[in-house]
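Worksheet for the structure shown next.
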Amino acid sequence: MVEHIQVDNLLDGIRQRPAMYLDNNPSLSALRGFLTGYDLALSSYTDGKVSGNLLPQDFSEWVAYRLGFYSSQTGWRNMILDRIHDESAALKRFFELLDEHRVRKARVVAQVQGYTKILKAPEVMLADGTLKQQEWSDVRPATLKLIAYTDNRGFFVDSDEEFRSFEKGRFFSTLWWFTRELGVDDGNLTILEPETYARWVSQENRSD
């Protein structure tokens, strides 16, 4: 059955024999095309019940963090090629970043307590023509954790609680972006690693 196909070692197989998997074209762009096609084919074959996405959910965010981008919007392929223009060398760097992600160790640098917020949905028009403000049935978590893995600029935000409306493991390149995007008062932060937090502030105040 397709549902039981073992794909855990596929990326490692590509690493060992890239020419065989990538049509004799060991390049980062060829890998991106392979992964896109694999995901599409498996999802289509199983009516969406099985995803062929072999990468960690936050891999693009990890690449942005490690390579010094302010966001992951352009995707992992474009970010790596922006730093390494040679396709073959970029493919090697991809696997290095994947290995780093696999063994990374989280450090909680700061946290926000009592963050819980009810999210407001857009107003809806009722049958009688009046507008009614809806509320989501979900709320954001009470505790947010600001996590570092290396000394790179930026951090990830996580929570032990599960909420539909909260994207766990999201990358923020600056404290300003974090407080603005999530509506957090930085005065509510409890600093657990003062040295690391001070470095974040210093990096944010630099003109580069």
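Being a predicted model, the structure only gives us computed values, none of them experimental.
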Quick one: [atom1] on [X] to [atom2] on [Y], what's the gap to the nearest 0.5 Å?
{"X": "Arg102", "Y": "Phe95", "atom1": "CZ", "atom2": "CZ", "result": "8.5 Å"}
{"X": "Glu204", "Y": "Ser173", "atom1": "CD", "atom2": "OG", "result": "8.0 Å"}
{"X": "Glu195", "Y": "Trp200", "atom1": "CD", "atom2": "CH2", "result": "12.5 Å"}
{"X": "Thr74", "Y": "Asp82", "atom1": "OG1", "atom2": "CG", "result": "7.5 Å"}
{"X": "Asp160", "Y": "Leu144", "atom1": "CG", "atom2": "CG", "result": "11.0 Å"}
{"X": "Glu193", "Y": "Arg107", "atom1": "CD", "atom2": "CZ", "result": "4.5 Å"}

Looking only at side chains, do Arg77 and Ser29 share a donor and an acceptor under 3.5 Å apart?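 Note: Arg77 and Ser29 side chains meet the donor-acceptor criterion.
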Looking just at side-chain N and O atoms, do Thr190 and Gln113 make a donor-acceptor pair shorter than 3.5 Å?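 No, Gln113 and Thr190 have no side-chain donor paired with an acceptor closer than 3.5 Å.
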Less than 4.5 Å apart, any side-chain heavy atom of [X] and any of [Y]?
{"X": "Trp76", "Y": "Leu97", "value": "no"}
{"X": "Ile147", "Y": "Val157", "value": "no"}
{"X": "Phe69", "Y": "Val63", "value": "no"}
{"X": "Leu146", "Y": "Leu175", "value": "yes"}
{"X": "Asp58", "Y": "His101", "value": "yes"}
{"X": "Phe155", "Y": "Val109", "value": "no"}
{"X": "Lys105", "Y": "Tyr149", "value": "no"}
{"X": "Leu189", "Y": "Tyr197", "value": "yes"}

For [X] against [Y], the heavy-atom pair lying closest together:
{"X": "Arg199", "Y": "Thr150", "value": "NH2-O, 3.8 Å"}
{"X": "Met79", "Y": "Ser71", "value": "SD-O, 3.8 Å"}
{"X": "Ser60", "Y": "Ser72", "value": "O-CB, 3.5 Å"}
{"X": "Ile191", "Y": "Ala110", "value": "CD1-CB, 4.0 Å"}
{"X": "Ala90", "Y": "Ile84", "value": "N-CG2, 3.7 Å"}
{"X": "Leu22", "Y": "Ala30", "value": "CD2-O, 3.8 Å"}

Just wondering, more than 12 heavy atoms not from [X] lying within 6.0 Å of its [atom1]?
{"X": "Glu96", "atom1": "CD", "result": "yes"}
{"X": "Asp23", "atom1": "CG", "result": "no"}
{"X": "Arg83", "atom1": "CZ", "result": "yes"}

Residue pair Leu11, Leu55: steps toward the side-chain contact (heavy atoms from CB on, under 4.5 Å) verdict: CA-CA 9 Å; Leu11 280 171; Leu55 297 178; 3.8 Å; yes
Is the cationic atom of Arg180 (NZ for Lys, CZ for Arg) positioned less than 6.0 Å from the six-membered ring centroid of Phe172 and within 45 degrees of its normal?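 No, a cation-pi geometry is absent between Arg180 and Phe172.
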Please say whether the positively charged group of Arg104, taken as NZ for Lys or CZ for Arg, lies over the ring of Trp62, i.e. under 6.0 angstrom from the six-membered ring centre and within 45 degrees of the axis.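 Yes, Arg104 sits over the ring of Trp62.
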Starting from the C-alpha separation in whole Å, work towards a yes-or-no answer on side-chain contact (heavy atoms from CB on, under 4.5 Å) for Asn25 and Glu87. CA-CA 10 Å; Asn25 179 22; Glu87 285 273 6; over 6 Å; no
Hey, can you tell me if Phe34 and Tyr38 have their rings parallel, tilted or perpendicular (30° and 60° cut-offs)?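 Geometry flag for Tyr38 against Phe34: parallel rings.
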Can you tell me how the ring of Phe156 sits relative to the ring of Phe171, calling it parallel under 30°, perpendicular over 60° and tilted otherwise?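 Geometry flag for Phe171 against Phe156: tilted rings.
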Let me check something: do Phe59 and Leu40 share a hydrophobic cluster, defined by ILVMFWY side-chain heavy atoms less than 4.5 Å apart, either directly or through other members?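 Not linked; separate clusters.
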Check whether Ser202 reaches the backbone of Ala198 with its side chain - one donor and one acceptor, N or O, closer than 3.5 Å.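 It does not hold such a pair.
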If we ignore hydrogens and angles and just use 3.5 Å, is the side chain of Thr36 paired with the main-chain N or O of Gly33 as donor and acceptor?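 Not at all, since once roles are kept as given, no pair shorter than 3.5 Å links the two residues.
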Could you go through Arg66 and Arg93, starting from their C-alpha distance and side-chain angles, then the distance that decides it, and tell me whether this counts as side-chain contact (heavy atoms from CB on, under 4.5 Å)? CA-CA 11 Å; Arg66 292 292 287 121; Arg93 185 65 176 124; 4.3 Å; yes
Show, in sequence, the C-alpha distance, side-chain angles and deciding distance for Tyr21 and Leu31, and conclude whether the side-chain contact (heavy atoms from CB on, under 4.5 Å) test is met. CA-CA 9 Å; Tyr21 285 95; Leu31 174 66; over 6 Å; no
